[in-house]
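Predicted model, so just to flag it, every value in this text is computed and none were measured. Protein chains get the first letters and strands the later ones, always in sequence-line order, with residue 1 at the start of each.
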Amino acid sequence: AQSVTQPDIHITVSEGASLELRCNYSYGATPYLFWYVQSPGQGLQLLLKYFSGDTLVQGIKGFEAEFKRSQSSFNLRKPSVHWSDAAEYFCAVGDHGNQFYFGTGTSLTVIP
Amino acid sequence: NAGVTQTPKFQVLKTGQSMTLQCAQDMNHEYMSWYRQDPGMGLRLIHYSVGAGITDQGEVPNGYNVSRSTTEDFPLRLLSAAPSQTSVYFCASSYSSGSLYEQYFGPGTRLTVT
């Protein structure tokens, strides 16, 4: 069965520091992979997605993610975090059908 | 475009009561879905629809019914609410069926069942 693991429940970084959020997936084929961000009291917004081609994907707000098939990972990165990046981040897998599977999320706190 | 809208924003029910959570989108999207979000469990798919008249179950469908009579609307019904259904519910839509496409999420409905 498909599954998504985000091993870090909560991460705290200083403003201006780099960020990496981890995501591992379980899926038989090359999955469709997504990162979404959720601000408090809001719905989810797509940051970026991967479905084929270049394994380094650029997204909105300066985020990027790298698909590593050998590690079954799709980690999200940002070189310099801004205070407005504080939010909950979700990794998701599309199963090539009509279903999506989300990780449990990573909460990001940014300290000045 | 209003995008995906959900009503109500908040709701408190007593055990055994029924209600319908409303979801509408004005983007002419084929695919619509309902998720519940619980602490420590992420989002879990309840039901989805790939077009008017077509619905299917997701990961956690028990206790919920859906129908899709128009492209725009996808209501979620709780026939007999239980405390285990206390959650935040999100509706989402995407351009086409198939998990390749970006989903657009509504702002959510926070439901409490006492």
Does anything in residues 43-70 of chain A reach chain B? List residues with heavy atoms under 4.5 Å apart, or say none.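 Only G43(A), L44(A), L46(A), K49(A), F51(A) of residues 43-70 of chain A have a heavy atom under 4.5 Å from chain B.
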Are [Y] and [X] connected into the same hydrophobic cluster when the rule is that any two of I, L, V, M, F, W, Y join if their side-chain heavy atoms are below 4.5 Å apart?
{"X": "Y48(B)", "Y": "L21(B)", "value": "no"}
{"X": "Y35(B)", "Y": "Y89(B)", "value": "no"}
{"X": "W35(A)", "Y": "V13(A)", "value": "yes"}
{"X": "L111(B)", "Y": "V60(B)", "value": "yes"}
{"X": "V50(B)", "Y": "Y64(B)", "value": "no"}

Taking side chain as everything from C-beta outward and backbone as N, CA, C, O, which of these in E88(A) sits under 4.5 Å from a heavy atom of chain B? Side chain, backbone, both or neither.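 Interface part for E88(A): neither.
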Proximal component of F102(A), with respect to chain B [non-hydrogen, under 4.5 Å]: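 Contact with chain B is through both the backbone and side chain of F102(A).
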Mind checking who shares a hydrophobic cluster with I111(A), ILVMFWY linked at side-chain heavy-atom distances under 4.5 Å?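 Noted: I111(A) shares its cluster with no other residue.
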Check L45(B) against Q99(A) and note the closest heavy-atom contact, atom names and distance.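 For L45(B) versus Q99(A), the nearest heavy atoms are CD2-OE1, 3.6 Å.
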What are the two closest heavy atoms between Y101(A) and E59(B), and how far apart are they?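 Heavy-atom minimum between the residues: CD2-OE1, 4.2 Å.
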Only pairs of heavy atoms separated by less than 4.5 Å count here; which of Q103(B), Q37(B), K9(B) has the most with chain A?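 The answer is Q103(B).
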What option among C91(B), G42(B), G40(B) has the most heavy-atom pairs under 4.5 Å with chain A?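 That would be G42(B).
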Between Y36(A) and F105(B), is the gap from one ring center to the other below 6.0 Å?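 Ring-ring flag for Y36(A)/F105(B): true, centres closer than 6.0 Å.
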Which region of Y104(B), side chain (C-beta onward) or backbone (N, CA, C, O), has a non-hydrogen atom less than 4.5 Å from a non-hydrogen atom of chain A, or is it both or neither?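 When you check distances to chain A, no heavy atom of Y104(B) falls under 4.5 Å.
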L43(B) versus chain A, heavy atoms under 4.5 Å apart: side chain, backbone, both or neither?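 Interface part for L43(B): both.
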Crowding at CZ, R44(B) (>12 non-hydrogen neighbours, <6.0 Å):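 Check passes, neighbour count above 12.
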